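Reviewing the structure listed below.
The model shown is predicted, which means the values in this text are computed figures rather than measured ones.
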Amino acid sequence: GHPHPVWRMTSRVPALPRAVVVHVDLDAFYCQVEVGRDPSLQGQPIAVVQYNPFGDLRTILPSEPRIFNDSNGSLIAVSYEARAFGVKRNMRGDEARRQCPELQLVQVPTANGKADLTIYREAGAQVIDILARGGVCERASIDEAYLDVTEEALRRARRDHGRPVLPLNPEQCRVYGPDGVAGCEAWFSTPDWAWSDADELLAHGAAVVAELRHVVQTELGYSCSAGIAHNKLLAKLCSGLHKPQQQTILPESAVQRLLDPLMIAKLRSLGGKLGQQVAQVLGIETVGQLRAVPETRLRTLFGPETGPWLHRMARGQSSDRVQQRTLPKSLGCGKTFRAQNAIRTLQDVQYWLQQIARELAERIGSDRERNQRVPQTMGVGLSSHGDHVSRSCAMPGLSVESIASAGLALVRRWVAERAEWTVTDLYLSACNFRSIAACPSIATFFQSAAGEGGQGTQGLAPPDPRPDSP
DNA sequence: TACTCGGTCACT
DNA sequence: AAGTGACCG
């Protein structure tokens with residue numbers, strides 16, 4: 001503890017401030033978007049369903065009534081009121097209704113014979129625009145973002161001479177402390193001399209996050225949860241600790257307490273086959289048990305990259321930086337055609353490529369208007385007999401027709417190579433965006449800025465030889 | 001009849 | 001650099 005910890009030099013090497021990294025997660029986001037569009041749903045148990053029936057799909061506009069309580073589609077979002085009844089994501093409509101007879105099922109809008117997620121995408125972009133006010137902002141998905149608020153936290157620490165102040169809405173703020181989870185009042189009333197540099201920065205960062213969450217709530221009406229820690233791995237874990245509408249700070253002193261009892265699969269990127277394999281090969285279940293495995297053994301069993309990476313994960317260490325990127329890197333849309341519906345003729349491939357290309361062209365068009373960029377590459381993806389195939393080509397143009405016919409050409413090439421095929425998934429995507437900013441000198445500026453874009457204070461952290469990856 | 005429709009990243 | 005596959009929700 002020190003009144004001016006940020007400036008203190010403890011030795012010949014200055015004490016580098018740790019980054020304040022935040023993971024923000026909208027609460028049951030699609031449900032919140034639907035409640036915003038139909039306030040009579042407020043407070044009710046609801047779920048959003050994506051119904052993919054046989055054959056074509058009638059267009060259902062966002063503005064139309066979309067409550068179909070007899071739907072048996074898959075639930076892709078479940079409100080907290082409904083979760084209290086045991087309704088879960090990926091349940092079917094009928095099972096969900098058995099759990100909660102009062103459940104209101106809102107159908108995703110449809111267009112071009114397929115589900116259309118535009119209203120959720122646009123709502124997500126509005127949230128990102130607000131979060132980006134707080135610091136370096138990385139869009140992680142339609143309803144999640146990482147922030148690096150180190151800069152603003154440092155600014156406040158200097159301004160306030162240390163002394164973090166209790167954030168807005170303290171009842172929505174938690175601290176995962178060395179003595180267990182607590183409300184944040186006690187932690188924030190730590191005497192000035194007792195703050196560690198790292199905790200003090202987290203506390204200031206948490207105030208920033210509380211304010212951002214408040215702005216999202218008042219300007220857009222959406223609640224979200226957040227985790228505040230020193231890296232993305234821990235922030236992500238933390239954001240899920242207290243939901244909905246709460247944020248959780250993870251001081252460094254509590255990292256081990258959080259990780260040790262945690263199932264390995266709870267760590268990001270270990271929720272699949274690799275996590276299963278790690279647990280099985282080592283005969284363990286928890287992160288604490290993984291931490292006890294010597295690095296040399298992990299290296300032997302999982303290789304020179306994955307082994308050390310697991311060793312660091314078990315200690316809550318991650319050097320994965322928050323990127324400055326509020327826009328998606330690719331736009332894609334597609335449709336699944338289950339058993340009976342599988343596509344078996346090129347005619348049907350052509351028909352569905354046209355439908356899908358309508359949506360993609362529309363999205364590319366609005367993206368160009370809003371973000372002054374156009375994709376340079378497009379691709380088609382499909383599944384046949386459980387195999388996934390993708391082919392790509394230079395963007396042939398931005399019209400529905402050019403996208404659809406280029407997609408068909410790619411599929412024709414693939415079809416020509418085989419005797420029999422059955423398409424059960426069909427996707428079109430666009431990526432490799434280039435700026436079309438009006439002024440060439442501005443475009444040049446952005447191109448040169450992109451290489452070092454928005455790393456902010458992250459350069460203060462010690463450099464790492466490699467980015468995180470399994 | 002029913003595991004959708006997006007996305008990101010690493011490996012080769 | 002195109003294509004594959006893992007992973008997330």
5' priority, DNA chain B, between A/Gln50 and A/Gly73 [closest heavy atom]: A/Gly73
Contact nearer the 5' end of DNA chain B, comparing A/Tyr51 with A/Phe337: A/Tyr51
Is it true that [X] and [Y] have a side-chain N and a carboxylate O under 4.0 angstrom from each other?
| X | Y | result |
| --- | --- | --- |
| A/Arg363 | A/Glu359 | yes |
| A/Arg58 | A/Glu64 | yes |
| A/Asp367 | A/Arg373 | yes |

Residues which pass side-chain hydrogen bond (donor to acceptor under 3.5 Å, both in side chains) with A/Arg133, listed by chain and number, not counting sequence neighbours: A/Glu219
Contacts of type side-chain hydrogen bond (donor to acceptor under 3.5 Å, both in side chains), residue A/Ser225, not counting sequence neighbours: A/Asp27
Protein-to-nucleotide contact annotation, 5' to 3' order, nucleotides 3-9 of chain C [B base; S sugar-phosphate only; - none; under 4.0 Å, heavy atom]: SBSSSSB
Within the 4.0 Å heavy-atom criterion, would you say [X] contacts the bases, only the backbone, or no part of the nucleic acid?
| X | value |
| --- | --- |
| A/Glu359 | sugar-phosphate |
| A/Leu117 | sugar-phosphate |
| A/Leu331 | sugar-phosphate |

Within residues 226-243 of chain A or reaching into it, pairs that qualify as salt bridge (Lys or Arg N to Asp or Glu O under 4.0 Å) - sequence neighbours excluded: A/Asp25-A/Lys243, A/Glu138-A/Lys232, A/Glu144-A/Lys236, A/Lys232-A/Asp320
Options B/dA2, B/dG7, B/dT4, nucleotide nearest the side-chain atoms of A/Arg363: B/dG7
All pairs passing ring pair (Phe, Tyr, Trp, His ring centres under 6.0 Å) where residues 218-250 of chain A contributes a residue, at least two apart: A/Phe29-A/Tyr222
N or O in side chain of A/Lys335 less than 4.0 angstrom from B/dG6 OP1/OP2: no
Phosphate contact (B/dG6 OP1 or OP2) by A/Arg121 side-chain N/O below 4.0 Å: yes
Span that lies between the C1' atom of B/dC3 and that of C/dC8, in whole angstrom: 14 Å
Nucleic acid contacts - residues 239-250 of chain A versus DNA chain C, non-hydrogen atoms under 4.0 Å: none
Check: A/Gln247/A/Arg174 side-chain N/O donor and acceptor closer than 3.5 Å: no
